[in-house]
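What follows is a short report on a single structure.
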Amino acid sequence: MRRRVIFGAWGMLLIGWLIHVTAGAMLSQLIAARVGAALLRFAQGKFNDPALFIHRRVGELLWLITLAFVCAAMHPLLERLIRRRAGVGRWGWTAHAALGFALLNLWIGAAGNTAIFWGAIGAGAGFQNLMQFHFKRIVFEENPATPRAVLVGNSQTRAQIDERLLNDRLGTNLWTAELHFPGSHAYDLLLIERQLRRANPQFVICYLNESYFYNGTAGETVPNFFGVRDLLGNWRSDAARHLDGKGVFYGLLGDVLPLFRYREALSQRVLGASAVQLKQSQYNTALAVDLEARALEAAGKSRLGGESEFQKAAFEEFVARCQRAGRRVIILDGQNNPILTRQLDPAVRVDMEAFLNQMMARYSNLVVVPGTALPPQAAADYEDLTHVNPEAQSRFTAWLAEFMKAQLNQAPVAPMNR
Amino acid sequence: MVFNSLTFFAFLAIVLLAYYRLGHRGQNWLLLVASYVFYGWWDYRFLGLLLFTTFFDYWCALRLEAESDRRRRKLFLAFSMVVNLGVLSVFKYFNFFAESLVELLATLGMTASFPTLNVILPVGISFYTFLSMSYTIDVYRGELKASRSPIDFMLYVSFFPHLVAGPIVRASYLLPQCRRARVINPHEVVNGVWLILLGLVKKVVIADRLAEIVNWGFAQPQPPFPDANSWLILYAFAFQVYGDFSGYSDIARGLSKLMGFELVENFRAPYLVTNPSAYWQHWHISLSTWLRDYLYIPLGGNRHGSWRTSRNLMITMLLGGLWHGAGAAYVLWGLYHGLLLAVHRAWCHLIGGGRESAGKEAATPAGGQSWLHKYLGRPLLIIVFFHFTCVGWLLFRAGAQPKEFSQVKVVTGYLHSMFQFPLASGASPLAGAILVLGGLALFFQGQHRLMDRFSQWPLRWQAAGVVAALAAIAALGVFEGAQFIYFQF
């Protein structure tokens, strides 16, 4: 009986694959003809080809089921091998459990590279940064449009630029995906860069301000993206001094155990967004309503020093890597709410602009748009100290669309040997 | 150093590596040093206090045993009690009593001012003081021989798995284990590993996740809340306390098993009982039996009629409440449970025709089930009593409110909104999380016997259990290194 069930399941899976390979594209077209419009509305501009989206998701589903079957089949074989080799005896359950946990992580790690997994995590459970990031990254990777651009950086990039509007304006000339991660600093751009390799966008756009270099290193990017490769290959001597040790440890642990890395997203799925995001909502409500007071506090954290030098070096490495990959980096030398700008040490802005000019002279793939060339923004355009309101966002996005049209006429950056 | 931290696991690995290579005396020395390091990690300044309590009771017990004169023996016991409770009072209760007295005098129209002490509460002081006191009392009663070895006795008091949050293990139980050479039983080691994992699930998944909801709920200016109702927050707190404290006890028991020790079970299935008497036989068992043996029975227990029994119950529970914390809310919590016990006892007396039945799962009059049990059924009784427990938890949680919140306002605000039945206004978005985590807590309670016999499970179930526990910790755990609630006691 058990054998029959196993053979039946494998047989069904095989039939599924056969149908997917032979008639999957056609079936996806048929489904898209019925539900495509609704899907596009639901996706809010994350992709533009519903048939392709459906086809890929079915493929991912089959892949994850196959992998689960393979893991289930491998588990007893490997376990027997370990028991025979190591002679674990009474501790046999440890081999069983360790293998089970390793295979579970393997499966979760593979699932983390599928949009269907992130979609399932997010559907009905609300917004979660890592979930949004990976879902959009994966969907972006499969978009055949060229050239393509990504918007990276912290929440200010997201607040400033509306990817949907940008895609509406630029049509098929340039497809853009917004892949911001909250609280990003310059070093974090370096970590995000690795995530862009499969998608290989031709443009990387970032709305950048002083917080990238002069406002510490604490944030959510390191625990979510730092990995063993960053430790072995790209570890800078001063990183240990400036990066939060706990964040680095969480990053490394997450790299080995995807279940741990995706814990917030999974918790949100299991327990609901309201329960998991209570701390954040408490933090938000505890923020001072008085913007002047907040500006004073934020400005107090900005400083020149070893930490800013570390961030600058990381930024240079980011630009250099993009150059090697043939990507143009467009830095929009951004603004803040004038309330904050008034409080910031002018020396910080001077230092940042000098650094960016230096970088532009050194790297041909770097385009820095000075703040004076950007559409001006008044205090009334801001919802808080750094995030603009939807009207200002639309204005800025329209300007960026025109700017990017001019950029598309430039000769592409030639990739260099790595 | 808390059990749910990496530092602790590194510390444990070092201790265990050395422990398994040493002989019995060496093991005791190692555990003693490790226990003092463990305690000193939090605040080395209080090591002196721990040493003082230990040596004082060691000396008292020796003198008690050597003394044949009854009066002098009593005097020594009284001396021991006064010093132990004096130390506890200075560090834990002095400010509370001084402030309460000032307030009392103020209500009588008099003004007075007392100096208050600016000291922090030493972690686990209530636990090790009670542990040490019980030893002296047992020696006085002749139930235990005084320990000749200061090392064994020091280890008994400071043994790091139980030092800061129990269980309060009697000397007659643990001291012999310190004295004799321990045999490492592989089955028990396996059970120990499982109990540690289980304890971590209870702590970082159930308790710390629910703590976020509870802290949010009690940080609101006043209930009812727009997104949740008071009952839900109290359910969350009930399961949080269970996860936190029983998680700690499981880890403590698991650690002990790794070293060949056995600690007493501290929790069974406290939220699956039908009456207050059974509740105290399932919740924090080591404390309730301590209070029973060293307070309730010496007060007269149930030997002098129902009025005296009720009085004794109230006194015992009041002091039990005070043991938890120096605050009116804890006193009220104790009194509330005392009242529940007394009322339940009277009820049993009434329907049982005077037959002694309190403490059993339900009042059972001669020969059969009580009518309450018969008509309402056990599940309903469990649910009803759980809600009584939750009202008690409201008083308990109010005691932990920051100074800027009025405890009275918190309690009255909650009580007001609890009985408006706001569930009717729709499901709270937090209900799902509380249902999942509370369900997990109830599952562990329902299966507590099975959880203790991990080594007897079939191999595949063992593996599945461990994978599920690891996955739950990795995917749902909170890794902020949160303190255990009972550390403050």
Side-chain angles (χ1 to χ4, degrees), chain A residues 71 75-76 79-80 82-83 88-105 107-108 121 124-126 223 245-247 249-250 253-254 256-286, chain B residues 5-6 185-187 189-190 193-194 197 204-206 208-217 219-221 226-228 232 236 427-437 440 454-455 457-481:
Chain A
C71 287
H75 182 258
E79 191 266 334
R80 225 170 290 158
I82 291 174
R83 287 181 85 181
V88 283
R90 183 181 283 117
W91 294 85
W93 59 276
T94 51
H96 245 307
L99 255 175
F101 192 59
L103 289 171
L104 179 65
N105 274 285
W107 188 87
I108 291 280
I121 291 277
K246 192 172 155 191
F249 175 71
Y250 278 17
L253 192 62
V256 182
L257 303 175
L259 205 56
F260 179 78
R261 174 153 287 176
Y262 304 155
R263 67 191 181 285
E264 282 305 311
L266 291 166
S267 299
Q268 190 163 309
R269 174 72 274 173
V270 177
L271 304 174
S274 308
V276 175
Q277 291 180 358
L278 277 175
K279 254 190 174 173
Q280 181 65 39
S281 72
Q282 257 178 304
Y283 170 79
N284 292 345
T285 46
Chain B
S5 68
L6 279 173
N185 178 344
H187 282 289
V189 173
V190 169
V193 172
W194 170 247
L197 263 181
V204 302
V205 178
I206 299 175
D208 290 351
R209 277 280 169 210
L210 286 171
E212 290 174 359
I213 296 175
V214 174
N215 294 342
W216 170 82
Q220 304 300 306
D227 297 326
L232 274 181
S428 157
L430 299 176
I434 296 167
L435 198 70
V436 170
L437 298 170
L440 196 59
F454 178 77
S455 64
W457 295 11
L459 188 105
R460 278 170 199 277
W461 283 106
Q462 286 179 326
V466 171
V467 172
L470 288 174
I473 292 168
L476 303 177
V478 177
F479 297 90
E480 303 296 326

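To find a chain, count down the sequence lines: A is the first, B the second, and so on, and within it residues start at 1. As the structure is a prediction and not an experimental result, all values here were calculated from the model.
- Looking at Phe101(A), both its backbone and its side chain come within 4.5 Å of chain B, counting heavy atoms on both sides.
- With sequence neighbours excluded, no residue forms a side chain to side chain donor-acceptor pair (under 3.5 Å) with Asn105(A).
- Here the CG-CG distance, from Leu437(B) to Leu271(A), works out to 5.0 Å after rounding to the nearest 0.5 Å.
- The nearest pair of heavy atoms linking Ser267(A) to Ala475(B) is OG-O, 2.9 Å.
- Between Val276(A) and Arg209(B) the shortest side-chain heavy-atom distance falls below 4.5 Å.
- Only the side chain of Leu6(B) comes within contact range of chain A, with heavy atoms under 4.5 Å apart.
- Taking Ala471(B), Gly432(B), Ala463(B) one by one and counting their heavy-atom pairs under 4.5 Å with chain A, the maximum is reached by Ala463(B).
- At a 4.5 Å heavy-atom cutoff, the contact between Val193(B) and chain A is made by side-chain atoms alone.
- Closest of all the heavy-atom pairs between Tyr250(A) and Phe479(B) is OH-O, 2.7 Å.
- In this structure, Gln268(A) CD and Leu476(B) CG are separated by 12.0 Å, a value rounded to the nearest 0.5 Å.
- Taking chain B as the reference chain and counting heavy-atom pairs below 4.5 Å, the highest number among Leu278(A), Leu257(A), Leu266(A) is found for Leu278(A).
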